[in-house]
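Quick notes on the structure that follows.
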Amino acid sequence: MVWSFARIRNELIALGAVEHVSLSELTSFHVGGDAALMLRPQSYDALKCAIDLCRQAGFPFVLLGRGTNILASDDGYDGLVIRFDTPLHPPIYFGTHVTVCCGMSLMQLARETVANGLSGFERLAGIPGSVGGACAMNAGAYGGEIKQILRHIRVYRDGVDAWVDVNDSDLSYRKSAFSFPECIALEAEFALSPDDGTAVSVMEDCMRKRREKQPLTVPSAGSTFKRPAGHFAGALIEQCGLKGYAIGDAQVSPKHAGFIVNNGHATEHEISRLILYVQQTVLEQTGVSLECEIKRIGKEEPKCSC
Ligand SMILES: Cc1cc2nc3c(=O)[nH]c(=O)nc-3n(C[C@H](O)[C@H](O)[C@H](O)COP(=O)(O)OP(=O)(O)OC[C@H]3O[C@@H](n4cnc5c(N)ncnc54)[C@H](O)[C@@H]3O)c2cc1C
């Protein structure tokens, strides 16, 4: 059966979707045109139902957490953007294990677990995404990463909602088997350990280092590039004289060359041109190829190798 746009639109609106939402408001880069429809699911059933409807109708959809690792197209997205950034229930503690909704903020979870005398999240406390986004990216910082503590995950995959064990090979540097579009992470169970009395100071130390070294007051999507083996992307970019280099309002951060920032009205087009310029220059001058860490959404074909 062929679905009309009006039919799928009405079905998604009945689930709580709204029309014409700016992607710049849904992403930390503050860049991007309008999404045709946007849904913030208020239950796991609503989330699964929206996905099933889109699949049945052949209607495009994309999943966001808190949009902190995303570069969205200036042309917007002609489909449904699902923003899963609402904790559908509070964390459930069982000894040193905690089970959480993937819509929860990672920062909030980190602070809460540390306050509850548990160790495991303290190095990740400054990562501004959702728990689902962190599992999808295998987020990490200062020697900590999601892989070290994620034990079980509830995923919606191929129409099946199931808890699965996490194996060593499921997660690697900024890569995960639990990422959209392969699957949707719904809940996650983490194995933490009793705090030996250092968790608060480790967390505060990591947060201080971030404030000192990263451009946290300007919109960005965090580190633009993955860490190339044996190097640091920021150091290579700086070595090539590109720290502070700008195209329009898109700029290689003068504070940390590993971040591209939006100084106000940067467009996705400007950011893409800057990414490409940085990649080409670093490759020519150092022989190292930089791979994007940020993900793209939108109808445009990537203009750079993200
Ligand atoms: C200032 C700043 C600092 C940052 N520092 C760090 C850092 O130290 N370490 C680090 O690793 N990252 C860092 N990031 C990047 C980003 O915060 C992380 O990648 C984060 O884990 C992304 O989570 P999110 O919810 O925002 O995901 P989004 O950006 O919304 O999505 C990222 C990807 O995950 C997928 N996804 C999201 N939710 C789910 C889900 N429930 N199920 C399946 N797939 C999903 C999306 O489809 C997309 O492909 C930083 C970003 C900023 C802006």
Side-chain angles (χ1 to χ4, degrees), residues 23 26-32 35 38 40-41 44 47-48 51 61-72 77 80-88 100-110 121 123-148 150 153-157 161 170-188 206-207 209-211 213-227 233-234 253 255-256 258-262 292-298 306:
L23 287 164
L26 301 178
T27 56
S28 59
F29 238 144
H30 296 317
V31 163
M38 191 276 292
R40 275 201 158 108
Y44 295 115
L47 172 51
K48 291 186 288 179
I51 291 167
F61 68 99
V62 69
L63 180 73
L64 288 188
R66 293 171 72 87
T68 62
N69 203 41
I70 298 289
L71 177 56
Y77 185 69
L80 174 70
V81 172
I82 303 173
R83 184 165 159 112
F84 186 24
D85 65 347
T86 309
L88 300 175
V100 291
C101 171
C102 283
M104 185 171 183
S105 145
L106 184 69
M107 278 188 178
Q108 200 186 328
L109 177 64
F121 277 111
R123 291 170 199 278
L124 310 179
I127 301 176
S130 65
V131 170
C135 294
M137 295 300 300
N138 186 25
Y142 303 110
E145 66 175 353
I146 285 291
K147 177 177 179 163
Q148 296 162 352
L150 181 63
I153 186 158
R154 179 181 164 198
V155 291
Y156 192 51
R157 186 160 41 192
D161 174 352
D170 289 330
L171 299 157
S172 54
Y173 175 66
R174 301 297 174 269
K175 217 171 163 204
S176 164
F178 310 115
S179 183
F180 180 81
E182 284 73 30
C183 70
I184 318 292
L186 301 175
E187 284 184 89
C206 292
M207 299 297 279
K209 284 185 190 148
R210 263 179 202 280
R211 283 192 300 272
K213 299 212 168 116
Q214 298 183 358
L216 300 183
T217 54
V218 201
S220 79
S223 299
T224 314
F225 305 101
K226 292 187 181 179
R227 199 173 55 232
S253 166
K255 191 167 182 183
H256 187 316
F259 285 55
I260 286 179
V261 293
N262 173 3
C292 273
E293 180 170 322
I294 55 177
K295 307 272 184 187
R296 292 177 162 269
I297 60 171
C306 291

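Numbering of ligands and ligand atoms starts at 1, following listing order. Each residue takes its place number in the sequence, starting with 1. Note: hydrogens, waters and symmetry copies are ignored here, and every other heavy atom, side chains too, is used. Please read these numbers as outputs of a predicted model, since none were measured by experiment.
- For S220 (side chain) and I260 (main-chain N/O), no donor-acceptor pair under 3.5 Å exists by modelled atom type.
- R123 places no side-chain N or O within donor-acceptor distance of the main-chain N or O of G143, the cut-off being under 3.5 Å.
- Listed by chain and number, the residues in a side-chain contact (heavy atoms from CB on, under 4.5 Å) with M137 are N69, E293, K295 (sequence neighbours excluded).
- If you look at ligand 1, the protein residues with a non-hydrogen atom under 4.0 Å away are S28, L63, L64, G65, R66, G67, T68, N69, I70, F84, I127, P128, G129, S130, G132, G133, A134, A136, M137, A139, G140, A141, R174, F178, S179, F180, C183, I184, A185, R210, L216, S220, A221, G222, K295.
- Remark: of the listed residues R174, E145, K147, E145 is the sole one forming a side chain to side chain donor-acceptor pair (under 3.5 Å) with N138.
- By the 4.5 Å heavy-atom criterion applied to side chains, F225 and C292 are counted as neighbours.
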Show, in sequence, the C-alpha distance, side-chain angles and deciding distance for C135 and I153, and conclude whether the side chain to side chain contact (heavy atoms under 4.5 Å, CB included) test is met. CA-CA 9 Å; C135 294; I153 186 158; 4.0 Å; yes
